[in-house]
Asker: 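Would you mind keeping the following structure in view while I ask a few things?
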Amino acid sequence: MSSVLLRSAPALRGALRVSAAVKPAAMASTSFVRGKATLPDLSYDYGALEPHISGKIMELHHKKHHQTYVTGLNGALDTIAEAESKGDFTKAASVAPLLNFHGGGHLNHSLFWENLAPASREGGGEPAGVLKKAIDEDFGSFDAFRNQMNTSLAGIQGSGWAWLVRDKQSGTLQLVTRANQDPVTGSYVPLLGIDAWEHAYYLQYENRKAEYFEAIWNVINWKTVASRFDKA
């Protein structure tokens, strides 16, 4: 990996540790083809999350929007590599904003697909076990947590994400929001992210984004969230 990449965009040191193919019950891991990021496969069909998220939205979101981030990330990495080879470190550093945006978009979406599952196959309901206990302790109850998450999503101005994270320093669960495609970094470990960009819901819900925020809970894959919590 480019040394300038690590110096210019430390927020993305983990962003390239993304699986090249989303596998059932698998966590994101490093997997590249000849150093290139690739669009991950889904472990379910595009229409599998209906009626909560339409197949058309899922297809466009995955094949078009996520692919744009993959293409942009690879382009930024190529630009950095070429600039480094010529000793033009100023140009390499200038690519950092694109690297953050496209790299963050690739990472966030790769995690997001794993957060979802058909309602007929482990999607929806409530978490169980130690994750449920932690949510109850840090938010009061699952319903209180879900309401706070929806409030955080509704409060995002423009485009962004809301995340359930675990703070590695305190060990507690927290809610954080990120603008645009900024990834979750630092002491926070992302457990559950919900995409608040219009492309995630507008074809189906139009301007009624609150309905999307309510509907997506029916297809949350709590086993994946619990697995991330156990490893955090």
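If you read the sequence from its start, that first residue is 1, and numbering goes on from there. Only heavy atoms go into these numbers, but all of them, side chains included; no hydrogens, no water, no symmetry mates. It should be emphasised that the depicted structure is a prediction, and the values quoted were computed from it without experimental measurement.
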Asker: Show the numbers, then the answer: is there a side chain to side chain contact (heavy atoms under 4.5 Å, CB included) between L191 and W163?
Answerer: CA-CA 7 Å; L191 306 179; W163 293 90; over 6 Å; no

Asker: Give me the atom names and distance for the closest heavy-atom approach of L42 to H62.
Answerer: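 Distance-wise, the nearest heavy atoms are CD2-CD2, 3.7 Å.
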
Asker: Output all residues satisfying side chain to side chain contact (heavy atoms under 4.5 Å, CB included) with Q169, sequence neighbours left out; order by chain, then residue number.
Answerer: D167, S187

Asker: Does a side-chain N-to-carboxylate-O contact under 4.0 Å join D143 and R146?
Answerer: yes

Asker: Are K132 and E126 close enough that some pair of their side-chain heavy atoms sits under 4.5 Å apart?
Answerer: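 Yes; the side chains approach each other to less than 4.5 Å.
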
Asker: For Q148 and S152, which I'm curious about, is there any donor-acceptor pair between the side chains at under 3.5 Å?
Answerer: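 Q148 vs S152: no donor-acceptor pair found between side chains.
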
Asker: Taking the side chain as C-beta and beyond, is there a heavy-atom pair between N218 and P51 under 4.5 Å?
Answerer: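 No, their side chains stay 4.5 Å or more apart.
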
Asker: Could you walk me through whether H199 and H109 satisfy the ring pair (Phe, Tyr, Trp, His ring centres under 6.0 Å) test, starting with their C-alpha distance in whole Å, then the side-chain angles of each, then the deciding distance to 0.1 Å, before giving a yes or no?
Answerer: CA-CA 12 Å; H199 63 232; H109 283 85; 5.8 Å; yes

Asker: Please report the shortest heavy-atom distance between A37 and V70, naming the atom on each side.
Answerer: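 Smallest heavy-atom distance, with atoms named: O-CG1, 3.3 Å.
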
Asker: Testing the 3.5 Å rule here: is there a donor-acceptor pair between the side chains of W222 and E122?
Answerer: no

Asker: Once rounded to the nearest 0.5 Å, what's the spacing between atom CD1 of I220 and atom CG of L192?
Answerer: 5.0 Å

Asker: As an exercise, state the distance from CD of E59 to NE2 of H65, rounded to the nearest 0.5 Å.
Answerer: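 Separation between the atoms: 11.5 Å.
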
Asker: If I take atom CD1 from residue I80 and atom CZ from residue F89, how far apart are they, to the nearest 0.5 angstrom?
Answerer: 11.5 Å

Asker: Tell me the closest heavy-atom pair linking H66 and P40, and the distance in Å.
Answerer: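 Looks like CE1-CD, 3.4 Å.
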
Asker: Which word best sums up how the rings of H61 and F112 line up, parallel for under 30°, tilted for 30 to 60°, or perpendicular for over 60°?
Answerer: tilted

Asker: For a side chain to side chain contact (heavy atoms under 4.5 Å, CB included) with V165, tell me which candidate from V184, T172, L175, L173 qualifies.
Answerer: V184

Asker: Is there a side-chain contact between T71 and K36 in this structure, where contact means two heavy atoms from C-beta onward sitting under 4.5 Å apart?
Answerer: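 With C-beta onward as the side chain, the pair stays apart.
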
Asker: CH2/W197 to CD1/I156 distance, rounded to the nearest 0.5 angstrom?
Answerer: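 If we round to the nearest 0.5 Å, W197:CH2 and I156:CD1 are 11.0 Å apart.
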
Asker: Give a yes or no on whether the backbone of K223 and the side-chain of S227 come within a donor-acceptor separation of less than 3.5 Å.
Answerer: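 Not at all, since once roles are kept as given, no pair shorter than 3.5 Å links the two residues.
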
Asker: Can a side-chain donor-acceptor contact be found between D182 and N100 if the only test is distance below 3.5 angstrom?
Answerer: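 Yes, D182 and N100 have a side-chain donor paired with an acceptor closer than 3.5 Å.
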
Asker: Please report the shortest heavy-atom distance between V95 and A76, naming the atom on each side.
Answerer: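 Heavy atoms of V95 and A76 come nearest at CG1-CB, 3.5 Å.
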
Asker: Please report the C-alpha distance between R121 and Y44 in whole Å, then the side-chain angles of each, then the deciding distance to 0.1 Å, and finally whether the side chain to side chain contact (heavy atoms under 4.5 Å, CB included) criterion is met.
Answerer: CA-CA 10 Å; R121 199 183 77 207; Y44 42 83; 3.8 Å; yes

Asker: Rounded at 0.5 Å granularity, tell me how far CZ in R208 sits from CD in E214.
Answerer: 13.5 Å

Asker: Step by step, work out the side chain to side chain contact (heavy atoms under 4.5 Å, CB included) result for N74 and T38.
Answerer: CA-CA 9 Å; N74 287 328; T38 57; over 6 Å; no

Asker: Give me the atom names and distance for the closest heavy-atom approach of P183 to L107.
Answerer: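 For P183 versus L107, the nearest heavy atoms are CB-CD2, 3.9 Å.
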
Asker: Looking at F229, does the NZ or CZ of R166 lie under 6.0 angstrom from its six-membered ring centre and within 45 degrees of the ring axis?
Answerer: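 Yes, cation above the ring, under 6.0 Å and within 45°.
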
Asker: Could you tell me if E114 and N221 have a donor-acceptor pair between their side chains, going purely by distance under 3.5 Å?
Answerer: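 No donor-acceptor contact under 3.5 Å links the two side chains.
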
Asker: Begin with the C-alpha distance, continue with both residues' side-chain angles, and end with the deciding distance and a verdict on side chain to side chain contact (heavy atoms under 4.5 Å, CB included) for M149 and I194.
Answerer: CA-CA 9 Å; M149 185 73 144; I194 296 180; 4.1 Å; yes

Asker: What do you reckon, are the aromatic ring centroids of F101 and Y69 less than 6.0 Å apart?
Answerer: yes

Asker: Out of curiosity, Q204 CD to I53 CD1, how far, rounded to the nearest 0.5 Å?
Answerer: 7.5 Å

Asker: Testing the basics here: between A196 and L153, what is the closest heavy-atom pair and its distance to 0.1 Å?
Answerer: CB-CD2, 4.0 Å

Asker: Does K91, at its NZ atom, have more than 12 non-hydrogen atoms belonging to other residues, nucleotides or ligands within less than 6.0 Å?
Answerer: no

Asker: I'd like to know if the side chain of D195 and the backbone of A200 have a donor-acceptor N/O pair within less than 3.5 Å.
Answerer: no

Asker: Measuring only between side-chain heavy atoms, which start at C-beta, is L111 closer than 4.5 Å to P190?
Answerer: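 SC-SC contact between L111 and P190 confirmed.
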
Asker: Side chains of W217 and H52 only: does a donor on one sit below 3.5 Å from an acceptor on the other?
Answerer: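 Per modelled atom types, W217 and H52 side chains form no pair under 3.5 Å.
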
Asker: With side chains defined as the heavy atoms from C-beta onward, is the minimum distance between T68 and K63 less than 4.5 Å?
Answerer: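 Not in contact.
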
Asker: Please verify the inter-ring angle class for F139 with F145; under 30° counts as parallel, over 60° as perpendicular, anything in between as tilted.
Answerer: tilted

